Amino acid sequence: MLVTTHLHRRLVPVLASVLIVFSLTFLYRAYHLYPSDKLSQWPHAAASGLSPTTEPLDEPSDYRAPAHRSEDTCATRFSTAYLEGLRNRTGSYCTPGSRSSLTCFHTKARDDEPDDSFCIGRGAVLDPATRKFHLDCALRKLEPEEVEQGILPFNRLRGYMYDTGPRNVFRDAVIVRQETGLARRSGETAVSEALDAEHMHLPASSDSSDGAPSSVLPPPKTYLLLKREGETNPWHCLMEIFSTYMTFDVLRMSRDPSRGGAPFFATDEADDTQVVILDSREDGPFFDLWTLFARRRPVRLAHLLSRAGNNNADDDDAAAVDAVRRDANIIVPLAGGSNPLWREEWHVQPCHAAPLVDVFSSRIRGFYGVEDPPVRGGEEPIVVTLIDRRETRRLKDQAALLAALGKRGLHIRVQAVDFAALSFPDQLRVARETDVLVGVHGAGLTHVLFMRRGAGAVVEIQPDGLDQKGYRNVANLLDLGYFRIHGAGVSMPVDEADKDTEEEPGKEREMDSLKGVETETQGRDNSTNTSTATGVLKKRGDWHFMDVQVDEARFLDVVETAVKFMYNKALWSYDVNG
Ligand SMILES: *[C@@H]1O[C@H](CO)[C@@H](O)[C@H](O)[C@H]1NC(C)=O
Ligand SMILES: *[C@@H]1O[C@H](CO)[C@@H](O)[C@H](O)[C@H]1NC(C)=O
Ligand SMILES: *[C@@H]1O[C@H](CO)[C@@H](O)[C@H](O)[C@H]1NC(C)=O
């Protein structure tokens, strides 16, 4: 016994230091999730005083018990592990003798779906004759070890809904010169038989910038090749922008051997980067957001090409095109449809943390300079915002329901907001000041993405028969309360319904219906087929085009539940029946 006690005395300080090391390791890992240079530096300084061994130790094994495994799935989708996963699966596709390079990054976000990819090419030339970017790249055969590591053959790059994604961008806008003798498989239709040698002539670059007038804007060096799903539906547009942003994140955290291990893309290269729009859609209300990562105003490919034919030396654009034709970088980004937020919107997802979503939200708000309101409490009312849909899926008798809500004696201020009538920055401001967001299922609920983490609640009214989990999962990711009821679909005036069905695909579609379209048209190259899209919608049920009716008691019940969920959030402190 004496010996044991003695041992205990000696063990206590040892155990204490072990604990400290564990805690530091844990903190180090936690902070490491966030891409802040400052934060990731301090653990080194702190640890150095304690122990010469800096190799981090693992957490106790019971933290890795099966019960906690679901969080792993969440991390691979919504933490920086998603970006790391892409960084870790990188393949270079050209034989060493090629003048251009092509590198693609892959990830598997879901077991039952093909892998997602994006690519960067260097040494690209825009050729007015073919109207495409050319890469002087002889595709090489991947080594068995590379295939083992999950590097996809070039012809396995995926296409996505509405004709988007790397496969379709390459098909429409890039010619990759193939080594002769390589079998041509389906999916490689864009790869030309043989590239006209004259198109591939690369002038000596040493003297290329000499004599350029200093007033001329330096020509863009990097082109982001973009095909969009639509231009007005907020969910679709934001998923595309989000995925493109993550494309740049991965490029910034991946070393390019051809640059001596420097990143594929340095932050200051954003000034030299330009989005090239390959689709023929309108600009749409989210167009500005494409300058988030490519500071120059997006241009249409047709515009670039028209400049390419114009040899006026005084023309800035012509100078830019000239540079493109010599030695440009092209980036073919992750498709919007590959965004981890698209996964499993029909299934409940148990994820509550999402550093990727937090950073995306703060980048978008930062871009528009949207400030947060001060934390509320005391006598300040809880702000309840009803998404006031004006076309389809309106809430029937909305005014009467809101009037009844106002008479419940809750600590609230109620507002009905027609988001479609506001500028996007103003929509963000409303989302940030909203404590309880109430809406009929639809793209307006996209604003859940921009609500304050852990500081709000969402009420979703779904039409009977629909059981969609998308916004529920997003609310959970942001640690918001989520409360749902179903309501009966009621017919709306015929002319309204007609008007809506004739809209182009992607215009007023919602995340669920689109998923249906995607499934129906998967594998088809021509998925912009309007009649197919509309046909699918009709087949899936008419609820898209109906108003929704809920009886007053149920409406008041669900909103009141959400409001009371807020009673002890922020600085409020109310009894639920006070
Ligand atoms: C990526 O690779 C690094 C180094 O091999 C490894 O430590 C990390 O766990 C990998 N991350 C993912 C998400 O695959
Ligand atoms: C399908 O593609 C063809 C040619 O590729 C095009 O002419 C046609 O307009 C497309 N269909 C739709 C509905 O977009
Ligand atoms: C669109 O799809 C439908 C159904 O598959 C087909 O019958 C029609 O020919 C397609 N139209 C075009 C323009 O591709």
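First listed ligand is number 1; within each ligand, the first listed atom is number 1. Fair warning: this is a prediction, and the values are worked out from it, not measured in the lab. Position 1 is the first residue of the sequence, and the numbers go up from there. As a basis for the values below, the full set of heavy atoms in this structure was taken, side chains included, without hydrogen atoms, waters or symmetry mates.
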heavy-atom search around atom 9 (O) of ligand 1 in the protein gives Glu84 OE1, 4.3 Å
For the pair Arg140 and Glu146, find out whether any cationic side-chain nitrogen is under 4.0 Å from an anionic carboxylate oxygen.
yes
Among all protein non-hydrogen atoms, which one is nearest to atom 13 (C) of ligand 1, and what is the separation to 0.1 Å?
Ala81 O, 3.5 Å
Would you say atom 2 (O) of ligand 1 touches the protein, meaning some protein heavy atom is under 4.0 Å from it?
yes
Taking only Lys NZ, Arg NE, NH1 and NH2, and the carboxylate oxygens of Asp or Glu, determine whether Arg363 and Asp358 approach each other closer than 4.0 Å.
no
Would Arg158 and Asp115 pass as an ion pair if we require N to O under 4.0 Å?
no
Is any NZ, NE, NH1 or NH2 atom of the basic residue among Arg122 and Asp256 found under 4.0 Å from an Asp or Glu carboxylate oxygen of the other?
yes
Protein contact to atom 6 (C) of ligand 1 [nearest heavy atom, distance to 0.1 Å]
Asn88 ND2, 4.1 Å
